[in-house]
2 protein chains.
Amino acid sequence: MTAPERPRRADARRNVEGIRRAALDVFRASGLTTPLDEVARAAGVSKGTIYHRFGSRRGLIDAIVDELVAERIQGIIAAVGELADPLARFEEYLLRMWLLQYDEPAVNDVLIRALPDSEPLLSLCERAQRFALGLLRDAQRAGVVRNDLTADDLAWLILERGAIVQACAQQTREDYQRRLRFLLDGLRDNH
Amino acid sequence: MTAPERPRRADARRNVEGIRRAALDVFRASGLTTPLDEVARAAGVSKGTIYHRFGSRRGLIDAIVDELVAERIQGIIAAVGELADPLARFEEYLLRMWLLQYDEPAVNDVLIRALPDSEPLLSLCERAQRFALGLLRDAQRAGVVRNDLTADDLAWLILERGAIVQACAQQTREDYQRRLRFLLDGLRDNH
DNA sequence: TAACTTCTTGACCATGGAGTCAACTTACTC
DNA sequence: GAGTAAGTTGACTCCATGGTCAAGAAGTTA
């Protein structure tokens with residue numbers, strides 16, 4: 001029922017794309033709470049343009065969150081899907097998620113609380129959560145992961161890691177990863 | 001060489017004490033970053049008085065940090081000192097520190113980074129760290145804690161927990177504690 | 001190229017917190 | 001019960017950030 005719209009002007013199209021790319025860069029580097037002025041500067045436009053095109057900070061984030069996060073998480077799900085051993089699948093999933101959180105701190109802004117109702121992201125999180133639940137169940141059936149670990153625990157373990165990465169950015173990737181091992185070992189079933 | 005100072009006026013003494021108490025309450029409840037206006041309101045004075053008496057937010061924090069944190073940590077050291085079994089000592093120390101962090105979120109503001117050069121606190125942290133190092137070494141000698149765990153790791157595990165508590169305040173104490181068990185189990189030596 | 005519409009700009013407003021200070025109040029001293 | 005020094009106040013400045021909008025710039029069309 002909507003009238004056929006005239007295509008956007010060339011400069012508008014150019015700017016939208018430029019803002020998207022700038023936002024990806026800036027948000028990746030400094031998180032989703034970076035002032036929009038910085039995004040504007042990086043894109044070579046004024047702040048007003050961002051608001052005009054995307055409505056709000058939130059609108060901008062919604063517009064790029066997919067490219068920022070979704071692909072990486074889908075990549076993890078795919079990679080883990082290739083593995084056969086239940087324990088390896090379970091541990092590899094967690095490990096890769098945790099490392100993603102280290103490598104792309106913006107992921108944590110997304111996971112922790114910023115976007116309660118971003119539709120595409122929400123469904124992705126649900127998918128990831130279902131996937132994780134499957135991994136957990138298989139690993140527990142195989143007797144390699146402790147039985148008192150719940151799906152909620154799993155979600156928390158990932159959220160927690162986000163908080164850690166944000167607050168303790170100084171640790172090297174090596175140390176970070178080595179310490180993840182402690183936790184993974186604690187999740188195994190070794191009576 | 002300083003001239004003998006006249007004692008402070010009664011209202012000043014009263015206010016200093018009132019501000020201290022109010023700051024303890026407010027900071028305990030809402031963390032060290034709470035606006036000073038709230039402390040002022042709780043103390044029944046104006047913000048200016050706080051600045052006049054304590055110089056800055058930092059000065060106020062320095063003035064109460066001991067009562068806010070030091071006693072609790074000393075209590076933990078003392079309590080753990082009573083125990084005999086190396087594993088119990090090691091785990092009880094961590095567990096109590098972690099629970100303290102849950103029960104008193106202000107502790108985390110202190111630990112994480114707020115006060116690089118608060119003298120009494122610094123020495124306390126060193127004392128706690130030395131104490132923890134002893135626990136770790138004993139536990140490792142007894143073969144009950146994994147050998148690749150370092151003193152730095154220990155410090156990090158505590159800092160990390162601070163970040164978690166701040167970011168994920170919604171979890172119940174029960175869940176929080178249950179999840180601590182996962183990590184503790186991962187620190188044991190079970191080849 | 002002129003008219004028209006879309007788009008962009010940057011100055012502007014609002015919010016909230018840190019910290020300051022001149023004017024006012026109050027406790028102490030004699 | 002003055003007089004005076006010490007103490008308190010709250011309105012003020014400053015700064016950072018989110019978000020808005022009237023005026024002007026620029027692409028599009030005929």
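A note on names: the letters A, B, ... follow the listed sequences, proteins ahead of strands, and every chain is numbered from 1.
- Under a cut-off of 6.0 angstrom, the local environment of CZ in Arg21(B) is sparse, with at most 12 non-hydrogen atoms contributed by other residues, nucleotides or ligands.
- For Ala10(A), the listed nucleotide lying nearest its side chain is dG27(D); candidates were dG27(D), dA27(C), dT9(C).
- Atom CG of Leu60(B) is separated from atom C1' of dA18(C) by 14 Å (rounded to the nearest Å).
- The interatomic distance linking Arg41(B) (CZ) with dT9(D) (C1') rounds to 16 Å, in whole Å.
- Summarising the geometry, the separation between OH on Tyr51(A) and P on dT20(D) is reported as 8 Å, rounded to the nearest angstrom.
- Looking at Lys47(A), its side chain has no donor and acceptor atom pair within 3.5 Å of the base of dG10(C).
- The side chain of Asp11(B) has dG7(D) as its nearest neighbour among dG17(C), dT17(D), dG7(D).
- What separates CG of Asn15(B) from P of dT8(D) is a distance of 4 Å, to the nearest Å.
- With respect to the salt-bridge test (charged N to carboxylate O, under 4.0 angstrom), the residues Arg20(B) and Glu67(B) qualify.
- Between His52(B) atom NE2 and dA5(D) atom P there is a gap of 15 Å when expressed in whole angstrom units.
- Across the protein-nucleic acid pair, Leu32(B) atom CG and dG17(C) atom P stand 16 Å apart, rounded to whole Å.
- The residue among Thr34(B) and Arg13(A) whose nearest nucleotide of DNA chain C is located toward the 5' end is Arg13(A).
- Taking a cutoff of 4.0 Å between a charged side-chain nitrogen and a carboxylate oxygen, Glu17(A) and Arg53(A) do not qualify as a salt bridge.
- Each of Arg57(B) and Val45(A) was assigned the nucleotide of DNA chain C with the nearest heavy atom; the assignment lying further toward the 5' end belongs to Val45(A).
- Contact annotation: Arg53(B) reaches the phosphate of dT8(D) (side-chain N/O to OP1 or OP2, under 4.0 Å).
- Nearest to the side-chain atoms of Thr49(A) among the listed nucleotides dA18(C), dT17(D), dT9(C) stands dT9(C).
- Following rounding to the nearest Å, Arg8(A) (CZ) and dT8(C) (P) show an atom-to-atom distance of 9 Å.
- Under the 4.0 Å criterion applied to side-chain N and carboxylate O atoms, Asp62(A) and Arg58(A) are assigned as salt-bridge partners.
- For Asp148(B) against Arg178(A), the heavy-atom pair with the smallest separation is O-NH1, 3.2 Å.
- If you take CG of Leu36(B) and C1' of dT20(C), they are 14 Å apart, rounded to a whole angstrom.
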